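These notes concern the structure reproduced below.
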Amino acid sequence: VQLQASGGGLVQAGGSLRLSCAASGRAFTSYSMGWFRQAPGKEREFVAAITWNGAYTYYADSVKGRFTISRDNPKNTVYLQMNSLKPEDTAVYYCAASISAPSRASSQYHYWGQGTQVTVSS
């Protein structure tokens, strides 16, 4: 599967962005999907994940209550709605696909998008 992330940009603290990740190739419903982020000088970290049917979602504590992951299977797209953004949310955000159950470990994901930059100004 090929993944294409979009929707990043520059936003003020307290603002919102919605990231999208469009998938092509093998059946989208074969995959659990996740979002990860990587800030300069830091390791890539888990943000959110969702099961193949959208029934279950998982979040990092740092974004719980502010971010929402969802998917539209007919459109082969997964979303990350980000509200109440903080400067510490600044990072490159990556979407990823796994043939296994959703995981917080990046090693469990088999396919990755190219990343989209999110910058939150104070």
Side-chain angles (χ1 to χ4, degrees):
V1 65
Q2 293 79 43
L3 303 174
Q4 180 74 38
S6 61
L10 173 64
V11 63
Q12 289 188 333
S16 299
L17 282 174
R18 189 176 79 157
L19 305 183
S20 299
C21 177
S24 60
R26 186 178 169 185
F28 186 56
T29 53
S30 300
Y31 302 98
S32 302
M33 299 296 296
W35 285 98
F36 290 76
R37 66 187 182 187
Q38 188 167 18
K42 295 187 176 181
E43 292 188 353
R44 190 171 298 188
E45 65 173 359
F46 170 78
V47 176
I50 189 167
T51 53
W52 69 273
N53 59 357
Y56 297 96
T57 56
Y58 308 87
Y59 297 94
D61 288 344
S62 59
V63 306
K64 198 173 295 182
R66 300 188 298 122
F67 291 11
T68 302
I69 187 171
S70 62
R71 65 191 294 163
D72 186 335
N73 285 342
K75 293 184 177 180
N76 288 356
T77 303
V78 63
Y79 304 98
L80 185 68
Q81 177 67 44
M82 305 185 295
N83 298 329
S84 302
L85 282 160
K86 305 175 181 180
E88 50 264 44
D89 294 319
T90 295
V92 177
Y93 283 71
Y94 298 90
C95 60
S98 171
I99 60 174
S100 304
S103 172
R104 297 171 184 268
S106 60
S107 61
Q108 297 302 305
Y109 290 82
H110 306 87
Y111 304 96
W112 292 82
Q114 86 288 2
T116 184
Q117 176 71 48
V118 172
T119 303
V120 184
S121 63
S122 57

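What's counted below: heavy atoms across the whole structure, side chains too, no hydrogens, waters or symmetry copies. Every value quoted in this text rests on a predicted model; they were computed, and no experiment measured them.
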Could you name each residue pair satisfying disulfide (SG to SG under 2.5 Å) that touches [range], not counting sequence neighbours?
range          : answer
residues 28-79 : none
residues 23-82 : none
residues 7-121 : Cys21-Cys95
residues 30-67 : none

- Task: Please name the residue in the list Tyr56, Tyr58, Phe46 that meets the side-chain contact (heavy atoms from CB on, under 4.5 Å) test with Pro102.
- Result: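 When Tyr56, Tyr58, Phe46 are each tested with Pro102, the side-chain contact (heavy atoms from CB on, under 4.5 Å) holds only for Tyr58.
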- Query: Val1 and Leu80: same hydrophobic cluster, using ILVMFWY side-chain contacts below 4.5 Å?
  - Reply: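 Yes, same cluster.
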Please answer whether the main-chain N or O of [Y] pairs with a side-chain N or O of [X] as donor and acceptor at a distance below 3.5 Å.
X      : Y      : answer
Ser122 : Pro87  : no
Tyr94  : Ala5   : no
Thr90  : Val120 : yes

- Message: Would Arg18 pass as a cation-pi partner of Tyr79, given that its NZ or CZ must be under 6.0 Å from the six-membered ring centre and within 45 degrees of the axis?
- Response: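 Output yes; distance and angle both within limits.
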- side chain to side chain donor-acceptor pair (under 3.5 Å): which pairs involve residues 63-73, sequence neighbours left out?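 Residue pairs passing side chain to side chain donor-acceptor pair (under 3.5 Å), neighbours aside: Asp61-Lys64, Arg66-Asp89, Arg71-Asn73.
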- Applying side chain to side chain donor-acceptor pair (under 3.5 Å), which residue pairs with at least one partner in residues 103-114 are found, sequence neighbours left out?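 Listed once each, the pairs would be none.
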